[in-house]
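Read the structure below first, then the notes.
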Amino acid sequence: MLLFPKIDLPPISRRSSASIAMSPCQDIMKRGFDIVVAIAGLLLLSPLTLLISLALKNASPGPIVCRHKRYGVNNETFELFEFRTTLARQEEETFTFATRFGQLLRRSGMDKIPQLVNVLRGEMSIVGPHPFATAPGMVFHLPELHKVKPGLVSWAQVIDDLGETAYSANGLDRRIEYDRYYLENRSFSFDMRILFLTLLSQRTYL
């Protein structure tokens with residue numbers, strides 16, 4: 001018997017335009033949900049945050065939390081917070097250079113815990129498109145992507161069965177298509193479905 005049942009997911013969307021609008025009521029529900037989850041997460045995970053911080057300090061010198069430039073709503077930049085997963089002065093975006101403890105943090109998603117601060121500040125949402133580091137328009141052409149807040153959890157993360165596909169050109173294309181599907185079907189109920197599927201995902205726990 002499988003602990004994590006296989007879930008049939010819809011195909012990647014190929015529509016030419018994206019529907020990014022949500023009703024005012026859904027926008028309020030989404031923001032309220034973000035605030036509640038961010039505050040609850042920061043409080044409940046504070047003991048784990050302390051343990052991770054101590055482990056990072058003990059493992060290697062350098063900052064506990066790193067700041068990365070990301071593009072959000074209306075292409076405005078913000079600083080995305082993550083636990084440091086590499087040695088000091090190494091490239092954070094390169095998975096190869098991650099320390100053993102850093103690899104554990106990345107694979108479990110615990111490196112994203114500080115991003116709850118980004119959510120609380122209104123720079124990110126709990127669910128949204130993947131926050132790409134590349135300047136908008138330089139690698140891909142999806143301006144709709146930057147009309148909504150990037151997410152701590154994304155549809156691309158849920159449906160992507162190849163794991164770390166963002167580290168290849170083909171993987172980047174796949175993530176963009178998944179984000180496009182999210183934009184075309186964006187709703188508060190879809191956000192809840194994404195969170196539910198994330199909890200069912202085996203990669204969430206391994």
Side-chain angles (χ1 to χ4, degrees), residues 4 34 37-38 40-72 77-121 123-136 138-139 145 149-176 178-179 194-195 197-199 201-206:
F4 301 95
D34 286 345
V37 172
L42 288 171
L43 292 176
L44 294 175
L45 296 175
S46 57
L48 179 60
T49 299
L50 178 60
L51 291 176
I52 292 175
S53 301
L54 293 175
L56 286 172
K57 272 299 183 184
N58 183 64
S60 61
I64 295 174
V65 175
C66 291
R67 303 183 180 192
H68 308 296
K69 185 179 180 180
R70 293 293 186 269
Y71 290 85
T77 59
F78 68 94
E79 290 186 327
L80 179 142
F81 304 122
E82 283 184 340
F83 281 125
R84 178 172 57 85
T85 57
T86 67
L87 296 176
R89 298 182 181 179
Q90 284 186 332
E91 179 56 56
E92 281 288 321
E93 297 303 323
T94 307
F95 188 80
T96 307
F97 293 140
T99 62
R100 287 187 177 182
F101 185 60
Q103 289 178 353
L104 173 63
L105 291 178
R106 289 188 180 185
R107 288 169 180 165
S108 64
M110 290 187 292
D111 62 321
K112 295 183 178 181
I113 291 177
Q115 291 178 26
L116 290 171
V117 175
N118 292 117
V119 174
L120 196 58
R121 289 167 55 165
E123 298 161 335
M124 295 180 63
S125 181
I126 295 297
V127 180
H130 186 76
F132 287 101
T134 307
M138 293 182 63
V139 174
L145 189 65
K149 296 177 184 178
L152 183 65
V153 175
S154 69
W155 176 241
Q157 176 183 332
V158 170
I159 197 174
D160 182 9
D161 58 353
L162 297 180
E164 297 289 340
T165 59
Y167 295 94
S168 67
N170 290 336
L172 181 60
D173 290 338
R174 286 169 60 86
R175 280 190 178 269
I176 291 171
Y178 294 141
D179 283 336
I194 291 173
L195 287 176
L197 292 178
T198 300
L199 293 176
S201 173
Q202 188 173 7
R203 280 183 288 127
T204 303
Y205 307 96
L206 296 180

Per-pair distances, 0.1 Å, donor-acceptor, side chain in residues 41-49, under 3.5 Å, sequence neighbours excluded:
unit_1	atom_1	unit_2	atom_2	d
S46	OG	L43	O	2.7
T49	OG1	L45	O	2.9

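In this structure, S154 OG and I194 CD1 are separated by 7.5 Å, a value rounded to the nearest 0.5 Å. Separating the NZ atom in K112 from the CD atom in E82 is a distance of 7.5 Å, to the nearest 0.5 Å.
Distance alone, capped at 3.5 Å, places no donor-acceptor pair between the D179 side chain and the A156 backbone.
Counting only residues at least two apart or in different chains, salt bridge (charged side-chain N to carboxylate O under 4.0 Å, His left out) contacts with residues 40-53 are absent.
The minimum heavy-atom distance linking Y71 with P150 is given by the pair O-CG, 4.3 Å. Smallest separation of non-hydrogen atoms from C66 and R84: SG-CB, 3.6 Å. What you find for Q157 and L152 is that their closest heavy atoms are OE1-O, 3.8 Å. Nearest heavy-atom pair across Y178 and W155 is O-CD1, 3.2 Å. V119 and A38 get closest at one heavy-atom pair: CG1-CB, 4.0 Å. Closest approach of S125 to D34, counting heavy atoms only: OG-OD2, 2.7 Å.
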* Asked: Do I52 and I113 pass the side chain to side chain contact (heavy atoms under 4.5 Å, CB included) test, and can you show the C-alpha distance, the side-chain angles, and the key distance before you say yes or no?
  -> CA-CA 10 Å; I52 292 175; I113 291 177; 4.2 Å; yes
* To do: Apply side chain to side chain contact (heavy atoms under 4.5 Å, CB included) to L116 and I126, showing your working.
  => CA-CA 8 Å; L116 290 171; I126 295 297; 4.2 Å; yes
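For the pairing with L56, the side chain to side chain contact (heavy atoms under 4.5 Å, CB included) check across T85, V65, L105 returns one residue only, L105. Between F78 and the options E123, H68, R67, R121, a side chain to side chain contact (heavy atoms under 4.5 Å, CB included) holds for only E123.
Residues that satisfy the side-chain hydrogen bond (donor to acceptor under 3.5 Å, both in side chains) test with D111, not counting sequence neighbours, are absent from this structure.
The closest side-chain heavy-atom distance from S53 to F83 is below 4.5 Å.
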